[in-house]
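Each chain gets a letter, A, B and so on, in the order its sequence line appears, and its residues count up from 1.
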Amino acid sequence: MRLVQETPYRFRLDRTGPMRVPGVVFASATLLLEDEALRQVANVATLPGIVRASYGMPDLHWGYGFPIGGVAATDVEQGGVVSPGGVGFDISCGVRLLASDTRRDGLPLHRLMDLLGDTVPRGAATGALWTLSGRPELEAILRDGARHAVGQGRGVPRDLERCEDFGALPGADPAQVGARAMERGLGQVGSLGSGNHFLELQTVEQVYDEAVAAAFGLRAGQVCVMIHCGSRGLGHQICTDHVRAMDKAMAGYGIDVPDRQLACAPVESPEGRAYLGAMAAAANYGRANRQALGQAARDAFSSIAGARLDLVYDVSHNLAKIEEHDGRLLCVHRKGATLALPPGHPGLPGDLRLVGQPVLIPGTMGTASYVLAGVAGGEAFHSTCHGAGRTQSRHQAARAISGKELRARLESRGIAVRGLGWRGLAEEAPSAYKDVDAVVAASEGAGLCRRVARLVPIGVVKG
DNA sequence: ATGTCC
């Protein structure tokens with residue numbers, strides 16, 4: 001793949017063969033760009049109705065069909081398609097950040113971590129914080145997301161002002177969620193899952209913009225809770241089901257894609273509408289999940305430390321949304337790419353209108369996480385990076401370091417670790433990821449966002 | 001990411 005560097009942080013992938021638009025990758029010269037991921041950027045550029053470019057964020061890496069760190073928008077009124085591969089298996093995977101009213105000094109960290117370690121459900125399919133009253137309540141969650149959770153006392157009304165789409169993505173259609181997905185979803189509301197998902201205690205190590213940080217409720221030295229998780233088995237099953245349906249239907253629409261994993265259908269088709277309805281339901285499930293987990297963190301902080309947690313924001317980095325850009329209705333796929341609304345955007349609550357959307361970037365266990373803000377003038381439909389981005393496979397990572405050694409290293413740096421298995425811990429070693437500081441610097445350099453605060457971990461709860 | 005293969 002031939003990349004042409006146009007500016008320090010922007011690379012162009014010229015149109016060749018069936019590409020309808022060029023590729024554009026935001027990165028810096030030192031960030032590794034896998035050839036397979038660039039091939040996927042080019043493949044996405046062939047999708048019917050794609051507009052402007054197939055974009056890659058600085059944390060770009062290989063994924064299912066679409067690259068992770070990919071953004072692609074299609075024109076709904078020009079036969080534009082929606083593709084489940086452009087969202088990913090973990091629909092609505094995202095991050096929630098809560099800020100406490102306390103500093104690390106005097107915080108009973110280990111007692112707090114013991115309680116969180118004992119009470120936060122994580123790992124494969126075992127337990128959840130919220131026992132639903134039945135299928136109707138699951139349907140309420142699919143329709144209303146975090147709003148339903150708050151309505152049931154799992155949070156306060158102000159939380160919804162600090163959630164993407166004010167807590168619920170419109171258009172959710174529980175009827176498009178298959179029986180198996182419903183079954184899997186019933187017992188997992190309020191659970192982290194595994195892999196790179198976590199609940200971390202972090203401290204604000206550096207503030208880059210005092211005024212914006214203050215508007216977000218952040219200040220140096222403050223203890224925060226970051227939660228990174230998604231829609232668990234429900235979202236996974238929805239993706240599986242709808243990829244299959246689109247794979248079958250695609251030929252009937254005359255759609256030909258270079259990779260079967262790019263299965264798609266026009267937004268304005270029965271398959272397209274069905275997927276978007278189910279995807280929105282999974283999005284709301286993910287939000288209710290993070291709302292429930294955030295409430296558990298509040299309970300722990302309150303009982304152990306007498307401390308309060310206020311929601312900074314909750315935002316997804318795996319979603320497709322119907323949005324208006326330059327007068328056109330677009331289906332914007334963000335897969336491993338975070339929504340970053342600029343100042344003045346109507347999607348923001350009044351008190352964030354002047355500063356832009358809080359953008360939450362989870363790092364790895366041993367490294368920093370970031371709070372960024374959306375900016376005006378970004379090129380990729382109000383999107384930016386989503387995290388460090390893997391450089392090693394899970395297998396490679398586990399071969400390079402043992403979980404025991406990793407835990408010992410983290411503990412020696414004052415990071416309390418509450419894991420589940422050694423193998424899972426090793427697979428998530430920071431050495432298996434890109435340098436999140438470089439990813440964020442490139443994202444800012446490319447004009448996609450700006451830095452507000454850098455957070456460092458002091459306690460990690462992992463699946 | 002995922003009851004890591006129905």
Could you check whether [X] gets within reach of a base, just the sugar-phosphate, or nothing at all, counting any heavy atom under 4.0 Å?
{"X": "G235(A)", "result": "nothing"}
{"X": "G230(A)", "result": "nothing"}
{"X": "G195(A)", "result": "sugar-phosphate"}

### Message
Which residues pass the side chain to side chain donor-acceptor pair (under 3.5 Å) test with E34(A), not counting sequence neighbours?
### Response
none

Please state how far atom [atom1] in [X] lies from atom [atom2] in [N], giving the value in whole angstrom units.
{"X": "R180(A)", "N": "dT2(B)", "atom1": "CZ", "atom2": "C1'", "result": "12 Å"}
{"X": "D241(A)", "N": "dT2(B)", "atom1": "CG", "atom2": "C1'", "result": "13 Å"}
{"X": "Y64(A)", "N": "dT4(B)", "atom1": "OH", "atom2": "C1'", "result": "15 Å"}
{"X": "F89(A)", "N": "dC5(B)", "atom1": "CZ", "atom2": "C1'", "result": "13 Å"}
{"X": "E428(A)", "N": "dT2(B)", "atom1": "CD", "atom2": "P", "result": "11 Å"}
{"X": "R244(A)", "N": "dC6(B)", "atom1": "CZ", "atom2": "C1'", "result": "9 Å"}
{"X": "H197(A)", "N": "dT2(B)", "atom1": "NE2", "atom2": "C1'", "result": "10 Å"}
{"X": "L192(A)", "N": "dT2(B)", "atom1": "CG", "atom2": "P", "result": "10 Å"}

### Message
Strictly by salt bridge (charged side-chain N to carboxylate O under 4.0 Å, His left out), give each pair with a member in residues 126-139 of chain A just once, sequence neighbours left out.
### Response
R135(A)-E139(A)

#### Entry: E379(A) and R52(A) ion-paired at < 4.0 Å
no

### Modelled atom types, side-chain donor and acceptor of R399(A) and Q396(A), under 3.5 Å
no

### Task
May I ask you to verify if any side-chain N or O of S194(A) is less than 4.0 angstrom from the OP1 or OP2 atom of dT2(B)?
yes

